[in-house]
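The structure appears right after this line, and notes come after that.
Below, each value reflects all heavy atoms present in this structure, side chains not excepted, and no hydrogens, waters or symmetry copies. Per chain, numbering begins at 1; letters A, B, ... match sequence-line order.
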Protein chains: 2
Amino acid sequence: MPKRADLSDTFCPVGRSAELLGDRAVLLILRELFFGRRRFEPIAANTGLGPQLVSARLKMLVAEGIAERRVYQLRPLRYDYWLTDKGKALFDVLYAMRNWAERWAYAPGEIGAGPAIRYVHRACGSDVGTATVCPGCGAELGYGDLKGEPSSALRAEQVARTA
Amino acid sequence: MPKRADLSDTFCPVGRSAELLGDRAVLLILRELFFGRRRFEPIAANTGLGPQLVSARLKMLVAEGIAERRVYQLRPLRYDYWLTDKGKALFDVLYAMRNWAERWAYAPGEIGAGPAIRYVHRACGSDVGTATVCPGCGAELGYGDLKGEPSSALRAEQVARTA
DNA sequence: ATAGTAGCTATGATAATCATAGTGACAAGG
DNA sequence: CCTTGTCACTATGATTATCATAGCTACTAT
């Protein structure tokens, strides 16, 4: 493909987000970072992306101020990746994607009864379903407020990927 | 590129959404559809995408049940595109993308004072800012509840694109 | 008869992606 | 001390999606 058109200077906020998020690899890597995986190999394994793509995208996310590269071990020198505040703020987008998929992207009965990932409000313990405001206590929900529990089917899939 | 890996059978809801939304062209076309543009040429002009890409993606959106192709004129035969309920439900994702960008994707003072798009709750008239629940009346906000008003800078850009 | 209008399709150049293999720096075990 | 293992990457070549540009089809309007 020719160099893809640059949207980072459009005045449209969706266009600016699309420049970053309109990329499968970026979305998958962000998913892993939100899931608490911070190291290169687990991220590559769980996304199924090749190391070259993972490397390129992580570099970009660091350059954009969305992730931070930290040394976690000196000998041998090793790095891992952490979300910045700008990165953590993307949780709402991924959460909206999850909510849409839970409702629209599964065939009836495909996954059993409950959702593929159950989210619980840490502060009050309520199952929040697909809400953006806690149905139990009324608090607004963002990254850090929620605890995600993957269904057994999803957990099995993750184990298979890393094996 | 080789055929990109298929994520439509993963149990992860973010993976399933990423299969659809991890694509610049899809996000831009959805933006246009949410903006009320339904015809081929305006969508192509406002996204800056070539007609071949627009054609391919619209076909895919129809096949996925996200958009619907309707005849709006018989002689000559002409079609336009409408969001289905499944498509309309993606509003939350685009709205989250807009909210993130309004906060994080503009340099200070780049666009003047207000947001790039101002959203107003149709029912009560409140400016909702970047909330998912109306700050005026407390109602949950989804597609159809909100009216978007682009800033003058954004409007100027749109006019330039179609000229 | 010529000039639009609008929804597309055809063609060729370019570059992003994938799969696979390999590198560098070190630790641990025999 | 020599092999094996770990882990964050880099290198290479084949494949194919994307872009820009031009063209097509079926009409309407002048």
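Residues passing the side-chain hydrogen bond (donor to acceptor under 3.5 Å, both in side chains) test with E32(A), sequence neighbours excluded: R37(A). Under the salt bridge (charged side-chain N to carboxylate O under 4.0 Å, His left out) criterion, E102(A) pairs with R98(A), not counting sequence neighbours. Under the side-chain hydrogen bond (donor to acceptor under 3.5 Å, both in side chains) criterion, E157(B) pairs with T10(A), sequence neighbours left out. Every residue two or more places apart in sequence or in another chain was checked for a side-chain hydrogen bond (donor to acceptor under 3.5 Å, both in side chains) with E68(B), and none qualifies.
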All N/O pairs under 3.5 Å across the protein-nucleotides 6-8 of chain C interface:
unit_1 : atom_1 : unit_2 : atom_2 : d
dA6(C) : O4'    : R78(B) : NH1    : 2.8
dA6(C) : N3     : R78(B) : NH2    : 3.3
dG7(C) : OP1    : Y72(B) : OH     : 3.1
dG7(C) : OP2    : E41(B) : N      : 3.0
dG7(C) : N7     : E41(B) : OE2    : 2.8
dC8(C) : OP1    : R69(B) : NH2    : 2.6
dC8(C) : OP2    : Y81(B) : OH     : 2.5

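Atom CG of L49(A) and atom C1' of dT10(D) are 17 Å apart (whole Å). Here the C1' atom of nucleotide dA8(D) and the CZ atom of R75(A) are 17 Å apart, to the nearest Å. Rounded to a whole Å, the CG atom of L74(B) is 11 Å from the P atom of dC27(D). Between the CZ atom of R38(A) and the P atom of dC9(D) there is a distance of 16 Å, given to the nearest Å. Between the C1' atom of dT18(D) and the CD atom of E19(A) lies a distance of 14 Å, rounded to the nearest Å. Counting to the nearest Å, the P atom of dT18(D) and the CG atom of L28(B) are 12 Å from each other. In this structure, CE of M60(A) is placed 18 Å from C1' of dC9(D), rounded to the nearest angstrom. Between the CD1 atom of I43(A) and the P atom of dC7(D) there is a distance of 14 Å, given to the nearest Å.
Projected onto DNA chain C by closest heavy-atom contact, L53(A) and Q52(B) fall at different nucleotides, the more 5' of which corresponds to Q52(B).
Applying the side chain to side chain donor-acceptor pair (under 3.5 Å) test to pairs two or more places apart or on separate chains, those with a residue in residues 143-153 of chain A are R118(A)-E149(A).
Put simply, L33(B) and Y79(B) are part of two different groups of oily side chains (I, L, V, M, F, W, Y) that touch within less than 4.5 Å, one to the next.
Among the atoms of the strands shown, none is found under 4.0 Å from any heavy atom of Q73(B).
Across dT17(C), dC19(D), dC18(C), the shortest atom-to-atom separation from the side chain of R57(A) is found for dT17(C).
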Any chance you could lay out the side chain to side chain contact (heavy atoms under 4.5 Å, CB included) test for L146(A) and V128(A), step after step, and finish with the verdict?
-> CA-CA 9 Å; L146(A) 294 174; V128(A) 301; 3.9 Å; yes
